[in-house]
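Structure, as structure tokens:
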Amino acid sequence: MKNQQIHQQELKISELEKIAEKNVYLEEKLQVLQQQNEDLREQIHKNLAVSRQLSEENANLQVHVEMESKEKKRLSRTNEELLWRLQTGELSPHMTPSSSPIHRPASGPGSPARPHSYHQ
């Protein structure tokens with residue numbers, strides 16, 4: 001009877017040792033996964049910061065594009081008007097733009113009085 005109890009206890013000890021080894025393995029694996037998780041969280045944080053910055057830059061660029069588009073349309077209208085005046089004789093080809101009857105000092109948004117700089 002004692003031999004049988006000893007044998008059962010040895011089996012139980014062997015089983016517990018296997019469980020302990022598995023626990024050590026799982027704890028090591030858990031540490032690795034926790035570190036990977038932390039690394040991914042940091043990467044997400046960095047990506048969010050870059051995404052916010054790019055969104056802000058995109059919004060600024062859209063504003064500049066809109067301003068440039070308005071300025072281009074204004075210049076196109078002015079050019080068409082000057083061509084029409086040249087063709088109808090209202091503007092002499094020898095007149096300088098400053099002596100032109102349509103010359104007005106540009107003041108306001110989109111005026112070419114101050115060149116735009118895109119260097120930040």
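Residue numbers start at 1 and run along the sequence shown.
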Whether the side chain of Thr78 engages the backbone of Arg74 through a donor-acceptor N/O pair (distance < 3.5 Å, no angle test) should be reported. yes
Please check: side-chain N/O of Ser76 versus main-chain N/O of Lys72, any donor-acceptor pairing under 3.5 Å? no
Selection residues 1-24 - residue pairs positive for side-chain hydrogen bond (donor to acceptor under 3.5 Å, both in side chains), sequence neighbours left out: none
Straight-line distance of Ser51 OG to Ile44 CD1, nearest 0.5 Å: 12.5 Å
Nearest 0.5 Å, what's the CE-NZ distance between Met67 and Lys70? 9.0 Å
Carboxylate-amine/guanidinium contact Arg85 Glu81, below 4.0 Å: yes
Count I, L, V, M, F, W, Y as connected when their side-chain heavy atoms are under 4.5 Å apart, and connections chain through other members. Are Trp84 and Leu86 then in the same cluster? no
Can you find a heavy atom in the side chain of Gln62 that is under 4.5 Å from one in the side chain of Glu66? no
Linking Ile, Leu, Val, Met, Phe, Trp and Tyr through side-chain heavy atoms less than 4.5 Å apart, which residues share a cluster with Tyr25? Leu26
Can you give each donor-acceptor pair under 3.5 Å made by side-chain atoms of residues 28-42, sequence neighbours left out, with the distance rounded to 0.1 Å?
{"unit_1": "Gln35", "atom_1": "NE2", "unit_2": "Asp39", "atom_2": "OD1", "d": "2.9"}

